[in-house]
Amino acid sequence: MSVEAVIDDGKVRCGWSQSSQLYRDYHDTEWGRPLHGDDALFERMCLEAFQSGLSWITILRKRPAFRAAFAEFAIDRVAEFGDDDVERLLADPGIVRNRAKILACVANARVARDLSPGLDELLWSFAPPARPRPRALSDVPAVTPESVALARELKKRGFRFVGPTTAYALMQATGMVDDHLADCWVDLRR
């Protein structure tokens, strides 16, 4: 068996999902499942940017507060945030209070609002062809040519805080790539 683990329900999961119920639920119901919709993808883009330098469990724990603070990540609403909103966010202990990341989220909403044909189509245009699932965590890349290309395109369009590693994490989280390990019970190919 690879770096996966079996827990009390008998299901084999990717090893990273074992440290908490929150991770397990995220792994089982969201991570790697194809996600569409501009606002839904915008939320994931923002959360991945906020995660930079932190653990993902921190972001998952704060996710309800992030949603409340950022108007459920509705692009049109976040794009209208002004200085007072930024100050409100910086004072909100329920979220990650990093000025650069908050400003990036607001700026990214403005760019996403003006995209034609939309964030969903832009992001998914960089999804690579399906490939075999990794056998072990060590087989999972942090960056791929597609994530480098995506990050380059996002930067060119004015997006912030979405480098190649963050772009790849976004691709994993939204199902553009399937990095569930080969023995994991979650099978997105069906």
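All values reported here derive from a predicted model rather than from experimental measurement.
Under the 4.5 Å side-chain criterion, counting only non-hydrogen atoms from C-beta, Phe161 is in contact with Lys101. You'll find the side chain of His27 stays beyond 4.5 Å of the side chain of Gln18, heavy atoms only. Annotation: side chain of Arg160 is not in contact with side chain of Leu154 (no heavy-atom distance under 4.5 Å). You'll find the side chain of Cys184 stays beyond 4.5 Å of the side chain of Val12, heavy atoms only. Here the side chains of Glu80 and Asp76 are not in contact, with every heavy-atom distance at 4.5 Å or above. Put simply, the side chain of Leu123 reaches to within 4.5 Å of the side chain of Met45, judged on heavy atoms. The shortest distance between side-chain heavy atoms of Phe159 and Leu115 falls below 4.5 Å. Residues Ile95 and Arg97 have side chains in contact (heavy-atom distance under 4.5 Å, counting atoms from C-beta outward).
Side chain of Ser125 to main chain of Leu122: a donor-acceptor pair is present (N/O by atom type, distance under 3.5 Å, no hydrogens or angles). A distance-only check finds a donor-acceptor pair linking the side chain of Thr29 to the backbone of Asp25 [under 3.5 Å]. Panel note: side chain Asp120, backbone Asp38; no donor-acceptor pair is recorded below 3.5 Å. Looking at Ser17, its side chain never comes within 3.5 Å of a backbone N or O of Arg13 through a donor-acceptor pair. Side chain of Asp85 to main chain of Gly82: a donor-acceptor pair is present (N/O by atom type, distance under 3.5 Å, no hydrogens or angles). Using modelled atom types, one side-chain atom of Arg88 and one backbone atom of Ala69 make a donor-acceptor pair closer than 3.5 Å. Here the side chain of Thr174 pairs no donor or acceptor atom with the backbone of Leu35 at under 3.5 angstrom.
Using the six-membered ring where Trp is involved, Trp124 and His36 have ring planes that are parallel, under 30° apart on the 30 and 60° scheme. Taking the six-membered ring where tryptophan is involved, the planes of Trp31 and Trp16 are perpendicular, since the angle between them exceeds 60° and thus also 30°.
In this structure, Asp139 does not pair ionically with Arg133, as no charged nitrogen and carboxylate oxygen lie closer than 4.0 Å. At a threshold of 4.0 Å, the pair Glu30-Arg63 counts as salt-bridged, since one of the basic side-chain nitrogens sits closer than that to a carboxylate oxygen. Salt bridge annotation for Arg157-Glu153: present, with a cationic side-chain nitrogen under 4.0 angstrom from a carboxylate oxygen.
Among all heavy-atom pairs drawn from Leu60 and Tyr23, the shortest one is CD1-CD2, 3.8 Å. The shortest non-hydrogen separation linking Gly163 to Ala151 is C-CB, 3.5 Å. Scanning both residues, Glu48 and Ala169, for their nearest heavy atoms gives OE1-CB, 3.3 Å. Of all the heavy atoms in Pro134 and His180, the pair that sits closest is CD-O, 3.6 Å. Minimum interatomic distance between Met171 and Ala127 (heavy atoms only, all atoms of both residues): CE-CA, 4.2 Å. When all heavy atoms are compared, the tightest approach of Met176 to Pro128 is O-CD, 3.7 Å.
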* Give the C-alpha distance, both sets of side-chain angles, the deciding distance and a yes or no for side chain to side chain contact (heavy atoms under 4.5 Å, CB included) between Gln51 and Thr58. => CA-CA 8 Å; Gln51 184 273 328; Thr58 298; over 6 Å; no
* To do: Kindly determine whether Ile57 and Ser20 satisfy side chain to side chain contact (heavy atoms under 4.5 Å, CB included), including the steps that lead there.
  => CA-CA 9 Å; Ile57 195 71; Ser20 76; 3.3 Å; yes
* Could you check Gln172 against Val140 for side chain to side chain contact (heavy atoms under 4.5 Å, CB included), going step by step and ending with a plain yes or no? => CA-CA 10 Å; Gln172 290 174 304; Val140 178; 3.4 Å; yes
* **Candidate pair Arg99 and Leu90, rule side chain to side chain contact (heavy atoms under 4.5 Å, CB included), full reasoning** => CA-CA 7 Å; Arg99 181 177 294 276; Leu90 286 168; 3.0 Å; yes
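Linking Ile, Leu, Val, Met, Phe, Trp and Tyr residues whenever their side-chain heavy atoms come within less than 4.5 Å leaves Val177 and Val148 in two separate clusters. Clustering ILVMFWY residues whenever any of their side-chain heavy atoms sit less than 4.5 angstrom apart, transitively, puts Leu150 in a cluster other than the one holding Val143.
Figure legend: cation-pi geometry between Arg110 and Phe81 absent, as NZ or CZ is not positioned both under 6.0 Å from the six-membered ring centre and within 45° of its axis.
Note that CZ of Phe126 and OG of Ser147 are 11.0 Å apart. Values are rounded to the nearest 0.5 Å. Atom-to-atom distance recorded for Phe66:CZ and Cys46:SG is 9.0 Å, nearest 0.5 angstrom. Atom CZ of Arg24 is separated from atom SG of Cys14 by 13.0 Å, given to the nearest 0.5 angstrom. With rounding to the nearest 0.5 angstrom, the CD1 atom of Ile75 is 13.5 Å from the CZ atom of Phe70. Expressed to the nearest 0.5 Å, how far NZ of Lys11 lies from CH2 of Trp185 amounts to 4.0 Å. Of the inter-residue distances, the one linking Asp39 atom CG with Leu119 atom CG reads 9.0 Å to the nearest 0.5 angstrom.
Here the two rings, on Trp56 and Tyr26, have centers that are under 6.0 Å apart.
Partners of Arg33 according to the salt bridge (charged side-chain N to carboxylate O under 4.0 Å, His left out) rule, which considers only residues two or more places apart in sequence or in another chain, do not exist here.
More than 12 heavy atoms of other residues, nucleotides or ligands shown are found within 6.0 angstrom of CZ on Arg113.
Judged purely by distance below 3.5 Å, without hydrogens or angles, the side chains of Asp179 and Tyr168 pair a donor atom with an acceptor atom.
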